[in-house]
Amino acid sequence: MSQVTEEERQLPGPPMRGLTGAARRLRREAAEIRAALRAAPRRTVVAEGLVCALAAAFGLIPLLLIPPDRPVLAALEALWAALLVAARRGRPAAAVLGTFPLVMGANVWVLAVVPLIVLSATRRIAPPRRAWRIVGVACAALGGLTVAAGLFRWETLPTKVAENAVSAVLLLLLPTLAGTMLGRRRPLVDLLRERNAYLEQTRTLTAAAARLEERTRIAREMHDLLGHRLSLISVHAGALELAAARQAPPLAGQVELLRTTAGTAMEELREILGVLRHADLSDETGADRGTYEDITALVTQSRQTGGGPVELVWSVPDTVEVGARVRQAIHRVVREGLTNVLKHASGAPTLVEVKGTDAGIEVYVTNGVPRVPGDSQGGTSSGLAGLQERISLLGGTFGAGALPDGGFRVTTWLPSQPSHATNGPVPAPSEAGAHAGAETLTPAPRPPSGDGDTWRPGSNPPLSAQTLTWPRVLGAGCAAVLVVLPTAGFLIVLLVMAALG
């Protein structure tokens, strides 16, 4: 006779082990549900709670108006339907399997919730053939339960089987067909978005490569042509300075200015060539600092060149923080304005104003009537057009035009910090610096920024166009809607009959 040890006596039997395992699985399931609730957004949790409450209310409230034969069973079915609604997201397969008792239950009102549960759950089951297997199991269980319930009433068994077969087709199979279609539609839309993002990224990289190649070509041409000419001017200016120091001392200052200007032009050319080859054209160069000392040097140089009296009014407080690109733009506006005065109105009195306001920085370059009328030979206005584009890219406004008294004014407003997207109207310069007779140039339009764009950069090459076409994507959704129509009609007939009965 075998002896039983103490440890074997303490081991639970098969029924106890089964109960212990079931309790352990329930605790694990409850822990997973709590973790999912904590991880889900609050809005999702609230929305799901409202949907479950509506499902329970739709199954319970009609019972108060039309009492069924078995009210307790009908109430349990309504609560069971609410639980299935909650489980359709996290446990879609279990939710589909749990719908077959509702199809042949005593509460006809919960039948309106069954196709919604199946449709929502089968969308989340992948691959689609797995969803069909699960629905097949639910239909088989429904058939077995129908036959088992009809064994005691053979005369009503064929009728019950036919009714439940129709219900299974309309409440289980058709919603499954619609759900699998919608489930296929979602990855198609995601792949279509990824393909679009990939193509957009490819187009952007191609355009950037083309721009870089063109800028390199321009830099090479500028280096070969302008660099050689400026080097010759600098060498001859140096020799002329030595000769002027011996033979014409009064002209030594003008010749020295010519030599230093040629050297400065060579340095600026090297900086521009570096920008063209390596960086964005809007990057700051070393000479264009846009500070008070920088603008003062420009004004002094304009006076020494032989122009008329040039006055500078600088009223930018030190507490105003001005971005580097804005300061560079201030330098370019003043330099272009003074250059135009020397070219087209030599000798005219000129006023340069740089003002700091709460809205931004205002820059004005105003010249009076030239001493010698008709001395200007005209121009192409390419410098003003370049300034207009530069200022508009920074989010400012630019204007230039003749004054009624025969002078000319350049007006500019710039934000303290550069703006990359201007959705609203940009403030204009103040009335104190603007003139009614000035002809304002409107800023060039800018393309909208992509801040609100949520496309993700494509990481994989696009798939075949036969897979990602809008007719296929939209067709899945339209076909799913058409499939649901018979189910909706069947539910309406059932609910109307229940209400009238």
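Residue indices begin at 1 and follow the sequence shown.
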Could you walk me through whether Arg203 and Leu199 pass the side-chain contact (heavy atoms from CB on, under 4.5 Å) test, one step at a time?
CA-CA 6 Å; Arg203 183 184 63 83; Leu199 294 178; over 6 Å; no

Any pair counted as side chain to side chain donor-acceptor pair (under 3.5 Å), so long as it reaches residues 138-148, sequence neighbours left out
Thr146-Asn164

Where do Ala57 and Pro62 come nearest, in terms of heavy atoms and distance?
O-CD, 3.8 Å

Considering all heavy atoms, the nearest Pro415-Val326 contact
O-CG2, 3.3 Å

If we only count heavy atoms from C-beta on, is the Leu102 to Trp80 side-chain gap below 4.5 Å?
yes

Could you tell me the separation between the CZ atom of Arg409 and the CG atom of Leu403, rounded to the nearest 0.5 Å?
5.0 Å

Measuring from Arg332:CZ to Ile391:CD1, what's the distance to the nearest 0.5 Å?
10.5 Å

Are the side chain of Thr122 and the backbone N or O of Val118 linked by a donor-acceptor pair below 3.5 Å?
yes

Taking Glu200 first and then Arg193, would you say they form a salt bridge - that is, a charged N and a carboxylate O separated by under 4.0 Å?
no

Non-hydrogen side-chain atoms of Val354 and Ile361 separated by less than 4.5 Å:
yes

How close do Leu60 and Ala78 get, heavy atom to heavy atom, and via which atoms?
CD2-CB, 3.6 Å

One should read off an interatomic distance between Ile66 CD1 and Trp109 CH2, to the nearest 0.5 angstrom, of 5.0 Å

Which heavy atom in Ala55 sits nearest to a heavy atom in Val113, and how many Å separate them?
CB-CG1, 4.3 Å

Taking every non-hydrogen atom, the tightest pair across Leu63 and Ala75
CD1-N, 4.0 Å

Quick one: does Ser392's side chain have a donor or acceptor within less than 3.5 Å of a partner on Glu389's backbone?
yes

Check: Asn107 side chain, Gly59 main-chain N or O, donor-acceptor pair, under 3.5 Å
yes

Are the side chains of Met104 and Leu145 in contact, using a 4.5 Å heavy-atom criterion?
yes

Pairs meeting criterion side chain to side chain donor-acceptor pair (under 3.5 Å) with involvement of residues 130-144, two or more places apart
none

Answer yes or no: is there a donor N or O on one side and an acceptor on the other, between the side chain of Arg327 and the main chain of Gly323, under 3.5 Å?
no

Measure across Gly356 and Val316 and return the closest heavy-atom pair with its distance rounded to 0.1 Å.
N-CG2, 3.8 Å

Within the structure provided, determine whether Ile117 and Val96 are in side-chain contact (heavy-atom separation under 4.5 Å).
no

Atom CG in Leu83, atom CZ in Arg88: separation rounded to 0.5 Å?
13.0 Å

Does any part of the side chain of Leu394, heavy atoms only, come nearer than 4.5 Å to the side chain of Arg325, both counted from C-beta?
yes

Quick check for you: to the nearest 0.5 Å, what is the distance between Leu171 atom CG and Leu142 atom CG?
9.5 Å

Side chain to side chain, Leu174 and Pro115, heavy atoms closer than 4.5 Å:
no

Ring pair (Phe, Tyr, Trp, His ring centres under 6.0 Å) partners for Trp314, two or more places apart:
Tyr292

So, using side chain to side chain donor-acceptor pair (under 3.5 Å) as the criterion, who are the partners of Arg217 when residues are at least two apart?
Glu214

If you define the side chain from C-beta out and look only at heavy atoms, does anything of Leu191 sit under 4.5 Å from Glu194?
yes

Side chain to side chain donor-acceptor pair (under 3.5 Å) against Arg129, all qualifying residues, sequence neighbours excluded
none

Looking at CZ of Phe398 and CZ of Arg390, how far apart are the two atoms once the value is rounded to the nearest 0.5 Å?
11.5 Å

With side chains defined as the heavy atoms from C-beta onward, is the minimum distance between Thr412 and Glu362 less than 4.5 Å?
no

Would you mind listing every side chain to side chain donor-acceptor pair (under 3.5 Å) that reaches into residues 53-74, with sequence neighbours excluded?
none

Check the pair Thr291 / Ile295 against side-chain contact (heavy atoms from CB on, under 4.5 Å), numbers first and verdict last.
CA-CA 6 Å; Thr291 59; Ile295 303 302; over 6 Å; no

